[in-house]
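Worth saying up front: this structure is predicted, and the values here are computed from it rather than measured. Residue numbers count from 1 along this sequence. Indexing begins at 1, ligand by ligand and atom by atom, following the structure's order.
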Amino acid sequence: MTPTIPSTDADLFADDVIADPHPTYRELRDAGPALWMSRYECWVLPRYAEAFAALRDHDSFSSGSGVALNEVMNQATKGGSVLCTDPPDHDLLRRILGTRLTPRALRGHSEDFTRRAHVLVDELIEKGSFDAVADFSSAFPLSVVPDLLGVPEDGREHLLTWASAAFQAEGPMNERTQASLPSLQEFLEYMSGVAGEEKLTPGSWGHQMLLEARSGEIDEKMLPLLLLDYLGPSIDTTISALSTAIWQFALHPDQWDELRRDRSLIANVVNEAVRLEAPIRGFARHLTRDYDIDGVTLPAGDWVFVSYASANRDERRWEDPGRFDIYRDTAGHVGFGSGIHSCVGQGLAKLEANALFNALADRVSRFELAGEPVWNVHNILRGISTLPVTIHS
Ligand code: HEM
């Protein structure tokens, strides 16, 4: 007798589910560790243990065929970016990107970030009331990383749209994905233009890579994609984590007081924000071999959506998972992924957050919500789009 395949007709990419995803994630977790998503003809792993195991087993769960839920993107991206390669190609790209993102390499930028953070916080104190997403969370990701990379000012006004489109296109082939493709094409053209015409600021990361390409250390053809690997994933993700943290500190002023008293707590803020509301909802993997989960065989060749967001809320792994708690031991959360593809830029995001929350802690005693957060409707990214707040010094 053929065993019944556990399946779900839940639509993780419907507007209403995207707007309020946690009840659906919970339904999926309660239904089983691996479910066939009939609407998208792929598996979903909604629980922590199986999601974590899949991310650690890159031989079975390959990224080299792409990590999107649609064939167009997978054909276009496979084997190109660091995200969409398997070893050994992956390891080479990861080494090139990683050298500038080690704690030691990043330490050199700490003073500059602190200075910028104080300027920003002074401006916000002056304003008193503002949109925490546009006026606070977006400021660093839209200036710091482009500056580090050395990309010209001209074109930066499109970065938010382009970077968001790059993630959007990783979803299933729905209207949102289709609408994002022209923007993604523009992003690629911009990066090719920047890499090709020596527009990169001397001394910047981008310029260093250009010189490495000229001296044959890296393949010059890879340069636009390497620039994109730095820039694309660095914007919305960091904006989302910073916004979630501000929202939660407004809801839990006691935790803000504790952080002001003990600045060592800042180190855990991004981890807890990213655990609570994972900025990347999930990515797909392609199975290279049959894989058994709880008596069910997921056949080689199938696609599997690993839900970082649901895994991070799994009651089987986390106590009171819906509660923001800066004292929580967040080790092992998958909001930055896990295994060989785990986020190579998380140190940079944390350094940005460290500078910003330290500057806020110096001067701000309270965040008060001046309206409810409005969430983006996006295939892959979870993030607040507007968060009106008033701050008190
Ligand atoms: C709070 C901010 C961030 C979050 C939540 C985040 C999340 C993630 C996640 C979940 C992955 C794993 C993808 C996978 O499993 O396939 C990842 C990979 C990656 N991230 Fe981040 N990220 C953040 C910031 C950044 C920044 C600032 C950069 C660039 C400087 C960056 C660059 C990358 C790259 C290049 C990869 C691919 C690594 C690989 O495939 O080996 N990310 N990120």
Side-chain angles (χ1 to χ4, degrees), residues 45 51-52 54-58 61-69 74 77-102 105-106 109 113 137 140-149 163 166-167 170 205-206 225-245 269-286 304-309 311-312 330 333-354 356 380-383:
L45 305 184
F52 184 76
L55 294 175
R56 311 293 294 190
D57 182 358
H58 57 267
F61 292 86
S62 162
S63 297
S65 305
V67 298
L69 281 178
N74 284 332
T77 55
K78 66 177 180 184
S81 66
V82 66
L83 188 67
C84 302
T85 39
D86 290 324
D89 296 348
H90 168 263
D91 308 345
L92 170 69
L93 295 173
R94 175 104 186 177
R95 237 189 345 267
I96 296 170
L97 292 166
T99 47
R100 292 164 190 86
L101 294 166
T102 61
L106 288 173
H109 302 289
F113 287 13
S137 313
F140 262 41
L142 284 175
S143 63
V144 166
V145 188
D147 284 353
L148 286 172
L149 219 48
F167 277 107
E170 302 284 344
W205 292 356
L225 279 181
L226 284 167
L227 292 172
L228 203 121
D229 275 340
Y230 274 125
L231 203 49
S234 70
I235 299 176
D236 306 81
T237 52
T238 312
I239 295 174
S240 167
L242 293 171
S243 305
T244 295
V269 169
V270 167
N271 278 323
E272 178 58 354
V274 162
R275 184 204 61 80
L276 186 75
E277 294 290 358
I280 300 181
R281 302 175 70 206
F283 274 141
R285 295 291 193 262
H286 195 227
V304 182
F305 185 71
V306 186
S307 175
Y308 312 145
N312 275 355
T330 53
H333 77 78
V334 290
F336 286 115
S338 194
I340 65 164
H341 289 281
S342 71
C343 182
V344 69
Q346 58 185 288
L348 178 56
K350 288 173 183 168
L351 196 70
E352 292 175 53
N354 185 56
L356 288 165
I380 298 296
L381 295 169
R382 168 106 173 131

[X]: numbered ligand 1 atoms lying under 4.0 Å from its heavy atoms:
X: Leu348; answer: 30 (C)
X: Gly335; answer: 5 (C), 7 (C), 10 (C)
X: Phe283; answer: 13 (C), 14 (C), 16 (O)
X: Tyr308; answer: 10 (C), 13 (C), 14 (C), 15 (O), 16 (O)
X: Tyr230; answer: 29 (C), 30 (C)
X: Ile280; answer: 7 (C), 8 (C), 9 (C), 10 (C)

Ligand 1 versus [X], non-hydrogen atoms closer than 4.0 Å: side chain, backbone, both, neither?
X: Cys343; result: both
X: Gln346; result: neither
X: Arg285; result: side chain
X: Thr238; result: both
X: Thr85; result: neither

Among protein heavy atoms, which lies nearest [atom], and at what distance?
atom: atom 6 (C) of ligand 1; value: Phe336 CD2, 3.6 Å
atom: atom 13 (C) of ligand 1; value: Leu83 CD1, 3.6 Å
atom: atom 28 (C) of ligand 1; value: Gly345 CA, 3.6 Å
atom: atom 40 (O) of ligand 1; value: His341 ND1, 2.6 Å
atom: atom 37 (C) of ligand 1; value: Val82 CG1, 3.7 Å
atom: atom 34 (C) of ligand 1; value: Val344 CG1, 3.6 Å
atom: atom 32 (C) of ligand 1; value: Pro233 CG, 3.5 Å
atom: atom 38 (C) of ligand 1; value: Arg94 NH1, 3.4 Å

**Asked** What class does the angle between the rings of Phe167 and Phe283 fall in, given that below 30° is parallel, 30 to 60° is tilted and above 60° is perpendicular?
**Response** parallel
**Message:** Would you call the rings of Phe336 and His333 parallel, tilted or perpendicular, taking 30° and 60° as the class edges?
**Reply:** tilted
**Message:** Just so I know, are the side chains of Leu55 and Tyr308 near enough to count as touching, which here means a heavy-atom distance under 4.5 Å?
**Reply:** yes
**Prompt:** Taking C-beta and beyond as the side chain, do Leu101 and Tyr230 meet within less than 4.5 Å on heavy atoms?
**Reply:** yes
**Request:** Take Lys350 and Asn271, measure what side chain to side chain contact (heavy atoms under 4.5 Å, CB included) needs, and give me the verdict at the end.
**Result:** CA-CA 9 Å; Lys350 288 173 183 168; Asn271 278 323; 3.3 Å; yes
**Ser240 side chain vs Arg382 backbone, donor-acceptor pair below 3.5 Å** = yes
**Request:** Could you tell me whether the side chain of Arg285 and the main chain of Val304 form a donor-acceptor pair under 3.5 Å?
**Result:** no
Below 4.0 Å from ligand 1: does a non-hydrogen atom of [X] turn up there or not?
X: Val67; result: no
X: Pro279; result: yes
X: Glu352; result: no

